[in-house]
Amino acid sequence: QVQLVESGGGLVQAGGSLRLSCAASGRTFSDYAMAWFRQAPGKEREFVARISRSGLNTHYTDSLKGRCTISRDNTNNTVYLQMNSLKPEDTAVYYCAAAATISRWYVPTNVADFPSWGQGTQVTVSS
């Protein structure tokens, strides 16, 4: 399995921005589709954004569409999540996830499709 370590979380005021990073190691990073999920207290883990191996196929949850961008650097084995115009309801622990795929375009969709997870990074947005 690939190992994942998230960073970049923190406390930010509403309207602010954060860039989360997820560093991968242990396997060939470009073999993996990547995703970000989040989990707020008392709620289920939910999808935020995902990106294919090639980086050319991306998807976003409706609540963050237009406010976040997922990207990846296959040279530096890192995936990023840039979040702008943050709202208090974006407060959650954000998790990076990886899934090996044969297709460079296919992107898994569900929590169960991703066997590798990071430990999470807390994002808190104050009003």
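Just so you know, these numbers use all the heavy atoms, side chains as well, and skip hydrogens, waters and symmetry mates.
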Participant: Determine whether more than 12 heavy atoms belonging to other residues, nucleotides or ligands lie under 6.0 Å from atom CD of E44.
Facilitator: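 No - once you tally the heavy atoms of other residues, nucleotides and ligands closer than 6.0 Å, there are 12 at most.
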Participant: For the pair E6 (side chain) and C96 (backbone), establish whether a donor and an acceptor sit closer than 3.5 Å, ignoring hydrogens and angles.
Facilitator: yes
Participant: Taking the hydrophobic residues Ile, Leu, Val, Met, Phe, Trp and Tyr, and joining any pair whose side-chain heavy atoms are under 4.5 Å apart, which ones share a cluster with L56?
Facilitator: W105
Participant: Using atom types as modelled and distance alone, determine if a side-chain donor or acceptor of R45 lies under 3.5 Å from a backbone N or O of Y95.
Facilitator: no
Participant: When you measure from the side chain of Q3 to the backbone N and O of A24, does any donor-acceptor pair fall under 3.5 Å?
Facilitator: no
Participant: Once you round to the nearest 0.5 Å, how far does CD of E46 lie from OG1 of T61?
Facilitator: 6.0 Å
Participant: Roughly how far, to the nearest 0.5 Å, is OH of Y106 from OG of S54?
Facilitator: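 Answer for the OG-OH pair, S54 versus Y106, is 14.5 Å.
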Participant: State, to 0.1 Å, how close P88 and A14 come at their nearest heavy-atom pair, and which atoms those are.
Facilitator: CD-CB, 4.1 Å
Participant: Do D90 and R67 have side-chain heavy atoms sitting under 4.5 Å apart?
Facilitator: yes
Participant: Could you grab the distance from atom CZ of R50 to atom NE2 of H59, nearest 0.5 Å is fine?
Facilitator: 5.0 Å
Participant: Whether the side chain of S52 engages the backbone of N57 through a donor-acceptor N/O pair (distance < 3.5 Å, no angle test) should be reported.
Facilitator: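 At least one qualifying donor-acceptor pair exists.
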Participant: If we ignore hydrogens and angles and just use 3.5 Å, is the side chain of R19 paired with the main-chain N or O of Q82 as donor and acceptor?
Facilitator: no
Participant: Where do S126 and Q13 land on the side-chain hydrogen bond (donor to acceptor under 3.5 Å, both in side chains) test, with the steps shown first?
Facilitator: CA-CA 5 Å; S126 63; Q13 289 187 333; 5.0 Å; no
Participant: What is the distance from atom CD of E89 to atom OG of S127, rounded to the nearest 0.5 Å?
Facilitator: 10.0 Å
Participant: Taking all non-hydrogen atoms of both residues into account, name the closest pair between A33 and F114 and its distance.
Facilitator: O-CE2, 4.1 Å
Participant: Could you give the distance from OG1 (T78) to CZ (R72), rounded to the nearest 0.5 Å?
Facilitator: 10.0 Å
Participant: Output the distance between atom CG (D73) and atom OG (S30), rounded to the nearest 0.5 Å.
Facilitator: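 It is 11.5 Å, given to the nearest 0.5 Å.
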Participant: Quick one: hydrophobic cluster around I102, which other residues, with the 4.5 Å side-chain cut-off, linked directly or via members?
Facilitator: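 Traced through the cluster, I102 reaches no other member.
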Participant: Taking transitive links into account, so neighbours of neighbours count too, which hydrophobic residues share a cluster with L86 at under 4.5 Å side-chain distance?
Facilitator: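 V2, L4, V12, L18, L20, F29, Y32, M34, W36, V48, I51, Y60, L64, I70, V79, L81, M83, Y94, V123, V125, all in the cluster of L86.
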